[in-house]
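Input: a single structure, listed below in C-alpha cells.
Order of the sequence lines sets the chain letters (A, B, ...), proteins ahead of strands, with each chain counted from 1. Worth saying up front: this structure is predicted, and the values here are computed from it rather than measured.
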Amino acid sequence: MSDKGRTFGRGGAGAVFGSKNLIAVAVSPDKSTKVSVSDEEEMDIKNKSGSVYKAKVKLDVGKFTRKEQHYGSLASMGSLGLAGMVNNFDQLIHNNMIDTNHELSDIQKVDGEALRNHADIAQDGEDVIEVKKDTCYNCSITCKRKTTIKNSKGEVVDAGEGPEFETVALLGVNLSIYDLPLIARANYMANRYGMDTITLGSTIAAFVELYTIVKDSNSDLSEGEKLFLNDFGDFDKKYGEPRFGNKDYLLSIIDMVGKGNGIGKYLAQGSYRFCERYGHPELSMTVKKQELPAYDPRASYSQALCYEMSNRGGCHLEGGYTAALSYCAGYAEWPGNRIEGTPLISKNATLKGTAIDIIGVCVYSSFAISLDEYAPIINAVTGDNLNSGSLLKFAHRTISLERLFNIRCGKTENDDWLPDRFYEIPTLVEGEETLCSRDVFSKMHKEYYNALGWNEKGVPEDTTLENLGMKEYMNREYKTK
Amino acid sequence: MKSKHETIYKNFKLLGNALGLINANNTHSGNISQTDPDNDDYFYITASGSQIGSLVPRDIVPVKFSDVSWGDGRGSTESTIHRKILSIPGINAVAHGHFMNCTTISFDHKDKEIFLEYMGTDKKGREEFRFSPIDLFGAYVVDSVQVGSYEQPVGSPEMEERLPVYLKENHLTIVRGHGPFARGASLEDCLYRLGTLEHSATLALHLRRKGYSIVDIQRKIQKEGKENFFPVKPHLFDESILKKRDVTDKVMIDDFEERLNYNYKNLIGAYGTGSMSQKVSANEMIYCPMSAVPDGMDFPMLRLNLEYADDDSVDMCMHKLIYKNTIQNACMITTNPMSVADGMVILAEKYGKGILAGEKIDISYEPDDHPVVAPIDAEAIYLNPRLGLVDIHQLKDMSSNNPILNMLRNYKGCCVVAGYGVISTGETTLEQAAHNASSAERIAQFRSDVYINEKMVNGPEMKSFEPLTK
C-alpha cells in the first residue's frame, strides 16, 4: 500500500490485500461533508484554556517538534535528524546488525545535517540533493522532505520524498553505504515499487552477509549454500559484488526485488524466508519474521524486549519505542543496560505505542504531547469522557486480542526472541562490550507477561480478559507448541 | 559519549554542584552552558532533564551555533535561548536556576510594586519590571535586573526573543515566576551574579515583610546613582587571581577552605563577595577577597601588609583597621542577607526610615546609647546577648574611633553593618569569626519568623523574647 512517498508496510496488510487481488483503494472526498465535533470551544486553537491550545504550546516548545527557526530537530532535518544522536550513543545498526560501530566521518555524510546542507557539502562531481520541506495535512512539525537529485551538470537525475532516518539506516549504514544521493535514489525506487525500506534494507543486508559467508568460505558448501550460488548466478559480474561497503549493486538489486527477477524473486519473500531457503535463517534480523529497525537491541534492553514482544514482529512503534529513553527522555531516562524494572518500562511503552496507533496520531507528536493531553482532545471530538487510563486500557485490549490472534495462528512464547546474534556477539556501547543475555531475557519475558496479566507462556489469563471486557475470549483453549 | 571535552565537563560539574548546594533548583531544573574554547561554532549545554547538582559526562551536550545538529535534540529545552545569548560578543557562559527568593520576588504586580518597579510594557505590550538591589554588594554586582512577564515562561519563542535583549544590557534577568538567567565571561562569573542576586532578593524580602518599602529605596538609588547613594564601593570579583596562593601551609589553606565552603552552602555569604583573613604577624595578614566559595572551586589567599594602600578595597581597609586597633586575629565579612535586613529595620525603627533612603543620620554610638541586634533564641542569648549594629557610613571611618571597633570589642566580635554585611572576628581563629557570622544569620531568621507569626497569626510579640537590658 503506497501513498506516493509513504508505504504502509510491515503490518502484512499489503500481503493480505494482494492475496485478495485488491489493487487500489481510491478516495474521492465530498467537500460538502462537514465533520462535526462534540465541543467546538475546546477544539478552538485560540482558546487558551482549551486542550488544543495547550497541546500546541507543547509542540512549539518541544525540542523535536518546534519550528525550524527555533532549531526543532524534525522541522530542521526531518526524521534523519535522529541519526547523529542515535549514532552518538552507539545504537545505530551496522553490517546486518553485527555491531554498531561507525566512523563518525561516515555518519556525517548521511545524517540529518548532511541532508539539510547537501548542496553545500557535496563533493565535486557528486550528485547533489536539493531539499524542500513538506508536511502532512495541517501538521506543524513539517518533517517531510521532498528531494530532487541533480548531477554535476545540474540535470535532474531523480526526485521523490525522503530519505527518512530508517531508510538511511537500513538501505544505507547497515550496508556500510554512506552515499546519501544513492540512498535517496534507492528510496525512490522502493517507493515506486511499494516496498517498505526497513524490510527491504534488512533483507538486502542478509543477502550481503550470506554472499560474504558463502564466497569467503574455505570449507565445503552446504546444499543450501550451493542453491544460493545457483540462484545468485552471475549477479556480481553484472551488477557488482554485494559486500558491505560496496554500493554498485544496490539499485540493481532493488529493481530485481521489485520485479521479482532472478534472485530478487526470493528476496521479495523477506529476509527470513530468503535465508531459510539457503539454510541460514540466523542471518535474518527479524522477530516473528519481521525485520528489525535501526536501533540495535544490545544498546537498549527495553527496546530489545519491545521488539521481542511486538505482536507484529520486530517493531519499535506498536511494540513500544524505548530506544531513546537512555539519552533523550529528560529525567525519565532509563539506561540501556538496566535490567531490574525494565519489563515494566517496555510494557508501558507497548501500551503507549499502541494507544498512539489507536488514536491515529503521528508518533512524532507524542515526543511532545502525552496521552494525558490527547485524552481531552479526543473527548472534545467524540463527546466521550476518556483519560489516559482509558486509552491505555484500549491499548491493553488491543494487544491482548492481537496476542490471541497470533496464538491461534500458531505463535508461541518461543517466537518472542531476538535473533541469536544479539545474545552471542557483543558490540561496543558507550565504551563497554554489550550483549543480551538469554537468562536475563527469559526472566524479563515472564515479568513482561505477568505485567500484562498473561500467563508464563504469554497467553492472556481469563481474569485479564474479563477485566478488559473480553469475556467472549475466555475459557478457550489456546494451543501452544 | 563519542566526544568529550574534559575541561568543560569539569567546569559544568563544579558549577552544577555549586547550584545544588544552595538549593537553586529542584532535582532536574535549571541549565548551564558555555562556549567551546576550541571551536567557535559550538557551545555545550546540559542535557534536557539532567540533574544539575550531580552531572555526569554524558549530560554535557555539544550544540552548533551556526545550524541545527543532533545536540538540539538532547540539549536543554532552552538551548535556543542559550544559543542566542551566547552569540552576543563577550559572553561565554549562561546559567539559569530557579533560585527561591529571586523567583519569589518576581511574583509582583504593576498595581502592587512590592519588590519590583513597574516599567511599563514593551512594543508588543508585554509587561516589564525592574528589581534593583538595595544593599551595597547587590547594587554594584547586580545593578538592576529586568523582570519580564511572559505568556509562556518556559522554553518559549517569546523567551528566545526577549532574554537576549535584556542580557545584552545586563548580566541578569528574571523570568517572572520562573527564575533568573545570568550571562558572563565564565560560569564562575554567572554564579557570582546569581548568588549575589539571590542574597539581595533575600534581603529585600525580609525588609519588605517588616513593612518597609523596597521600591521607594530603589527609586532613590536609581535617581541618585549608586555612587552617590552609597558612601563606599565594594570590591568586585576578580577571576584573574582565583588561583593565586601566597601560602603553602596546608592547615591554613584547609581552614580557609572549610570556612569558605560552609559560608557558601549555608547562605551566609554569596560567592565572590565579602572577604576573610587571618592575621599572621604584627604587620601581615593572609587575605581572601571572598567569604564564600563552593566545594572544589578555586579561591585566592594573598599575603598582605597591614599598612593601608591607596588601592585597598573597603573590605581590606576594614580588616586592617581591626587588626591595627584590636586584639582580634581573624576576620570575616559576609553578606548575611537576613542579618543585614534586620539591622536596617532596627535602625529605621530607632532613627526613622530616612536612614534606609541613604540619609546620613547622626547616630549615637555612645556606650549606653547605640543600636544593637537582640537575639531571641536561647543559645544566642547565652553566648552573645547582643550583636553590634552600625550604619553603612561607618565604613568610611578609618580612625581608631570607628564605632565598629567597640562593637567588636563589646559584642564578642560581631557587628552588623546595615546595608552591607556582617563583620565577624575571632581573637584566635577563623572558626570563632565563622561562628559569629553563622549565628548572626540564624538570629535574624528567628527574629524574622517570630515577627511574621506575630503579624500573620496573632502570635506573641517578637520583642517580648529579646533579653532584657539595663
Side-chain angles (χ1 to χ4, degrees), chain A residues 48 53-54 56-58 60-90 92 100-104 107-108 111-114 116-117 120 165 324-333 335 367-368 428-431, chain B residues 1-4 25-31 41-43 45-84 86-87 150-161 163 178:
Chain A
K48 290 184 183 173
Y53 175 83
K54 286 175 188 162
K56 171 100 176 35
V57 166
K58 283 279 190 90
D60 285 344
V61 172
K63 301 190 300 292
F64 286 92
T65 54
R66 57 192 171 198
K67 294 184 171 46
E68 184 177 6
Q69 62 261 41
H70 303 298
Y71 298 83
S73 290
L74 292 168
S76 304
M77 299 184 280
S79 68
L80 195 47
L82 297 170
M85 186 164 11
V86 175
N87 179 62
N88 187 71
F89 293 98
D90 295 319
L92 192 57
T100 56
N101 308 131
H102 301 269
E103 290 294 327
L104 181 61
I107 295 299
Q108 287 171 338
D111 61 10
E113 293 94 309
R116 176 180 165 83
N117 300 308
D120 296 330
F165 165 59
L325 280 186
S326 66
Y327 49 80
C328 208
Y331 40 80
E333 277 190 9
F367 284 17
L428 211 58
V429 176
E430 298 191 60
Chain B
M1 277 177 69
K2 285 217 154 80
S3 67
K4 224 164 31 171
N25 294 297
N26 62 24
T27 51
H28 294 83
S29 57
N31 34 69
D41 195 24
Y42 274 91
F43 67 96
I45 191 165
T46 41
S48 180
S50 53
Q51 298 186 77
I52 289 284
S54 49
L55 294 170
V56 295
R58 74 203 298 275
D59 287 332
I60 314 307
V61 183
V63 183
K64 258 186 175 172
F65 275 111
S66 59
D67 202 0
V68 69
S69 61
W70 72 260
D72 284 286
R74 173 156 167 80
S76 166
T77 307
E78 292 171 335
S79 296
T80 51
I81 298 168
H82 285 245
R83 180 193 263 107
K84 289 257 170 78
L86 289 169
S87 298
Y150 296 76
E151 187 168 326
Q152 173 49 34
V154 180
S156 65
E158 187 189 356
M159 286 172 69
E160 200 185 316
E161 178 205 336
L163 259 63
H178 182 171

Review point. Does B:Arg58 make a cation-pi contact with A:Tyr327 (under 6.0 Å, within 45 degrees of the axis)?
Key: no
Review point. So, do B:Lys64 and A:Tyr71 sit near enough that their side-chain heavy atoms are less than 4.5 Å apart?
Key: no
Review point. Are the side chains of B:Val68 and A:Met77 in touch, meaning some heavy atoms are under 4.5 Å apart?
Key: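 Of all side-chain heavy-atom pairs linking A:Met77 with B:Val68, at least one is under 4.5 Å.
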Checking heavy atoms, do the side chain of [X], its backbone, both or neither come under 4.5 Å from chain A?
| X | answer |
| --- | --- |
| B:Glu151 | side chain |
| B:Thr27 | neither |
| B:Val154 | backbone |

Review point. Looking at B:Ala47, B:Gly71, B:Ser50, B:Gly75, which makes the most heavy-atom pairs under 4.5 Å with chain A?
Key: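 Option with the top pair count is B:Gly75.
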Check your understanding: Is the number of heavy atoms from other residues, nucleotides or ligands under 6.0 Å of A:Glu103 CD greater than 12?
Key -> no
Side chain, backbone, both or neither: which part of [X] has a heavy atom under 4.5 Å from chain B?
| X | result |
| --- | --- |
| A:Lys67 | neither |
| A:Asp111 | neither |
| A:Val61 | both |
| A:Glu333 | side chain |

Review point. Mind checking whether A:Tyr331 and B:His28 have parallel, tilted or perpendicular rings, split at 30° and 60°?
Key: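 Tilted.
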**Study point:** A:Arg66 side chain vs B:Pro157 backbone, donor-acceptor pair below 3.5 Å
**Key:** no
